[in-house]
*Asks:* 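Dropping a structure here in structure tokens format, bear with me for questions.
All values below were derived from every heavy atom in this structure, side-chain atoms included, with hydrogens, water molecules and symmetry-related copies excluded. Order of listing sets the numbers, starting from 1, for every ligand and every atom in it.
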Amino acid sequence: MTAGMEAMDDMDELVVEGGSPLKGSVEVRGAKNVVTKLMVASMLTDEPCIFSNVPSIGDGRLTQAICQSMGMRCRQSSEHVLAVQTSDIIRSDVPAEYAGSNRLAIMLLGPLLHRKGRAVIPAVSGGDRIGPRPVDFHLEGYRMMGANIEVRDQAYLVRAPQRLKGTEIILPYPSVTTTENLLIAAVLAEGKTFIRNAAIEPEVMDLIMFLQKMGAIIDYNVDRTLAIEGVKSLGGTKHEIMPDRIVAASLGAAAIATGGDIFVKGARQADMSTFLNALRRIGGGFDVESDGIRFYRQGELKSITLETNVHPGFMTDWQPPFVILLTQAHGISVVHETVFEDRFGYVKELQRMGADVGLYDTCLGRLPCRFASSNYKHSCVIKGPTRLHGADVSIPDLRAGFTYLIAAILAEGTSVIDGVHHLDRGYESIDKTLCALGAKITRRCGSYASESSAVTAKQ
Ligand code: EPU
């Protein structure tokens with residue numbers, strides 16, 4: 001989104017010289033999983049909205065391009081401030097070229113149905129390959145609010161000849177984007193909508209705060225029920241995007257895994273308390289300051305048993321960077337993934353780098369798990385500490401990508417990492433950020449894979 005900021009090419013590679021502990025200070029920007037949804041939600045009004053603390057990341061640029069193709073106009077007034085306005089929605093079909101690119105196309109249903117009465121959404125949903133990623137909960141919610149849905153030519157053809165109607169929706173699982181999608185629909189629906197078993201992640205709460213500023217009426221209860229009183233129209237507003245707690249935790253894990261010390265400016269304790277508890281249990285050091293959190297190694301790390309879960313549980317997105325941290329802990333750690341069935345795909349490459357990690361399709365934990373009788377390897381056992389060595393690895397998804405970077409930085413020798421464009425989706429200038437913290441990373445640009453200017457390390 002920040003004009004002029006370079007994006008990583010599909011063919012870029014990172015060459016990482018291992019063995020440098022990360023030290024210094026870094027600032028975390030707004031959350032990917034908020035800014036993208038807020039851009040879509042802003043299309044509920046024809047008035048301008050202004051976002052600050054906007055990260056310069058690939059998924060932000062992609063969402064902006066999708067929204068612009070539907071009629072949104074954008075103006076970047078300074079590096080991290082973006083003004084958007086959709087005076088008119090100029091088409092009701094999301095261009096097929098955006099099929100499969102990220103999870104955002106399906107979220108355009110709300111603005112399109114409220115302002116155009118119809119929507120055509122490519123049926124190939126996107127996002128990281130960490131499980132099947134269906135959209136059945138989304139579609140069922142819209143059906144219950146009165147939309148007609150047909151599948152035609154690999155697209156969902158959705159019609160709402162009349163205003164969507166409030167109803168009671170009980171989600172089979174507290175899905176984050178389903179909750180957000182139905183919130184965006186319900187704020188302008190006729191009457192009251194109840195979303196039960198809703199996701200209550202801080203990112204969902206940030207969307208609720210934004211919608212409230214636009215004029216929406218949303219109550220939330222401790223029993224995961226959101227009650228939305230539909231209003232006739234919404235207006236423009238300003239909003240500062242909450243800091244990205246996944247990026248903050250990734251950097252914290254990197255500091256401790258490499259035996260370093262990083263101050264992450266902007267990291268917020270309230271959003272990360274479950275992560276901080278896990279750090280404390282394994283003996284990782286952290287200090288909460290008024291403007292951020294310092295993460296540091298304080299002696300030997302201990303093993304742990306851990307299960308991912310919906311908020312306020314341990315986030316699934318924290319799992320990959322935490323696993324690499326556990327390869328440096330003494331003893332046997334166990335991690336049970338209960339949110340996405342296929343989120344250990346990155347482990348194979350870590351094994352090649354010397355990590356002692358075994359995968360299991362049984363539930364190695366106590367939480368109720370939807371994957372109990374599946375063949376998905378969704379539990380892992382990590383024996384540590386292990387010395388990692390450099391290897392050539394290929395990034396399969398965003399969070400796995402950062403995990404490989406940490407592994408390569410703490411490994412002995414050189415690693416070459418490709419599939420780097422995945423990283424750009426959610427981490428702003430990550431190679432430069434890590435180099436500024438002492439990592440030795442060189443980017444080989446583009447299809448020539450010729451060496452670009454080495455980014456010099458400065459502590
Ligand atoms: N699910 C269904 N049907 C649906 C929707 C979800 O079965 O219609 C299932 C999923 O298959 C999964 C579970 O529900 O097993 C949870 O999925 P959820 O919908 O909560 O995930 P998401 O909304 O697709 C968002 C983030 C993810 C993050 C998860 C969990 C965005 C764009 N993505 O995904 O972020 O891991 O919530 O917190 O907000 C990332 O940033 O790298 C990332 C993957």
*Asks:* Regarding ligand 1, does S175 bring an N or O atom to under 3.5 Å of one of the ligand's N or O atoms?
*Replies:*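 Looking only at distances, the answer is yes, because the N/O contact criterion of under 3.5 Å is met.
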*Asks:* Does K37 have a non-hydrogen atom less than 4.0 Å from ligand 1?
*Replies:*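 Yes.
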*Asks:* Please name the residue in the list M272, H311, R268 that meets the side-chain contact (heavy atoms from CB on, under 4.5 Å) test with P202.
*Replies:*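 One option only clears the test, and that one is H311.
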*Asks:* Taking all heavy atoms of F210 and all of S42, pick out the closest pair and write down the distance.
*Replies:*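 Looking at all heavy atoms of both residues, the closest pair is CE2-N, 4.0 Å.
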*Asks:* Under 3.5 Å, N or O to N or O, is Y173 touching ligand 1 that way?
*Replies:*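 Among all N and O atoms of Y173, none is under 3.5 Å from an N or O of ligand 1.
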*Asks:* Does the Lys NZ or Arg CZ of R245 fall within the cation-pi geometry relative to F275 - under 6.0 Å from the ring centre and within 45° of the axis?
*Replies:*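 The answer is no; the distance or angle limit is not met.
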*Asks:* Using heavy atoms and a 4.0 Å limit, tell me yes or no: is R370 in contact with ligand 1?
*Replies:*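 Within the 4.0 Å threshold, so yes.
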*Asks:* Of all the heavy-atom pairs spanning D431 and R443, show the shortest one and how long it is.
*Replies:*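 Taking every non-hydrogen atom into account, OD2-NE, 2.9 Å.
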*Asks:* Taking the inter-plane angle between the rings of Y376 and F371 on a 0 to 90° scale, is it parallel (under 30°), tilted (30 to 60°) or perpendicular (over 60°)?
*Replies:*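 Correct class here is perpendicular.
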*Asks:* Is there a donor in the side chain of S25 and an acceptor in the side chain of R294, or the other way round, less than 3.5 Å apart?
*Replies:*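 There is no such pair between these side chains.
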*Asks:* Using the rule given for side-chain hydrogen bond (donor to acceptor under 3.5 Å, both in side chains), can you reason through E337 versus T316, listing the C-alpha separation, both sets of side-chain angles and the distance that settles it, and then say yes or no?
*Replies:* CA-CA 7 Å; E337 169 65 55; T316 172; 3.0 Å; yes
*Asks:* Is ligand 1 under 4.0 Å from a heavy atom in the side chain of T178, in the backbone, in both, or in neither?
*Replies:*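 Looking at T178 and ligand 1, just side chain atoms fall under 4.0 Å.
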*Asks:* Mark up the atoms of ligand 1 that fall under 4.0 Å of a heavy atom belonging to H138, in ascending order.
*Replies:*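 Those qualifying, in numeric order: 8 (O).
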*Asks:* With heavy-atom distances below 4.0 Å as the criterion, list the atoms of ligand 1 near L398.
*Replies:*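 Listed by number with element: 42 (O).
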*Asks:* Can you tell which part of R343 has a heavy atom less than 4.0 Å from ligand 1: side chain, backbone, both or neither?
*Replies:*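 R343 to ligand 1: side-chain contact only, backbone stays beyond 4.0 Å.
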*Asks:* Any chance CZ of R280 has more than 12 other-residue heavy atoms, nucleotides or ligands included, within less than 6.0 Å?
*Replies:*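 No - once you tally the heavy atoms of other residues, nucleotides and ligands closer than 6.0 Å, there are 12 at most.
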*Asks:* Heavy-atom contacts with V135 under 4.0 Å: which atoms of ligand 1 show up? List them by number with element.
*Replies:*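 Those qualifying, in numeric order: 8 (O).
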*Asks:* Taking all non-hydrogen atoms of both residues into account, name the closest pair between F295 and F286 and its distance.
*Replies:*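 For F295 and F286, the tightest heavy-atom pair comes out as CD2-CB, 4.1 Å.
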*Asks:* Can you check whether I246 has an N/O within less than 3.5 Å of an N/O in ligand 1?
*Replies:*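 Not met; the criterion fails.
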*Asks:* May I ask you to list the atoms of ligand 1 that are less than 4.0 angstrom from any heavy atom of F340?
*Replies:*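 This gives 12 (C), 17 (O), 21 (O), 29 (C), 36 (O) as the contact atoms.
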*Asks:* On the 0 to 90° scale, with breaks at 30° and 60°, tag the W318-F314 ring pair as parallel, tilted or perpendicular.
*Replies:*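 The rings of W318 and F314 stand perpendicular, inter-plane angle above 60°.
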*Asks:* Pull out every atom of ligand 1 sitting under 4.0 Å from any heavy atom of K32, numbered as shown with elements.
*Replies:*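 Near K32, the atoms of ligand 1 are 40 (C), 41 (O).
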*Asks:* Check the side chains of Y427 and T433 for a donor-acceptor pair under 3.5 angstrom, ignoring hydrogens and angles.
*Replies:*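 The answer is no; no qualifying pair exists.
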*Asks:* Please indicate whether any nitrogen or oxygen in V176 is less than 3.5 Å from any nitrogen or oxygen in ligand 1.
*Replies:*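 Indeed, backbone or side chain, V176 has an N or O that close.
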*Asks:* Judged on heavy-atom distance to atom 11 (O) of ligand 1, which of P174, P134, P320 sits nearest?
*Replies:*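 The residue whose heavy atom sits nearest atom 11 (O) of ligand 1 is P134.
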*Asks:* Does D317 reach ligand 1 with a nitrogen or oxygen that is under 3.5 Å from one of the ligand's nitrogen or oxygen atoms?
*Replies:*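 Min N/O separation from ligand 1 is below 3.5 Å for D317.
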*Asks:* F137 versus ligand 1: do any nitrogen or oxygen atoms come within less than 3.5 Å of each other?
*Replies:*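 Yes, at least one N or O pair falls under 3.5 Å.
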*Asks:* Distance under 4.0 Å to a non-hydrogen atom of T316: what atoms of ligand 1 satisfy this?
*Replies:*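 Every atom of ligand 1 under 4.0 Å from some heavy atom of T316: 30 (C), 36 (O).
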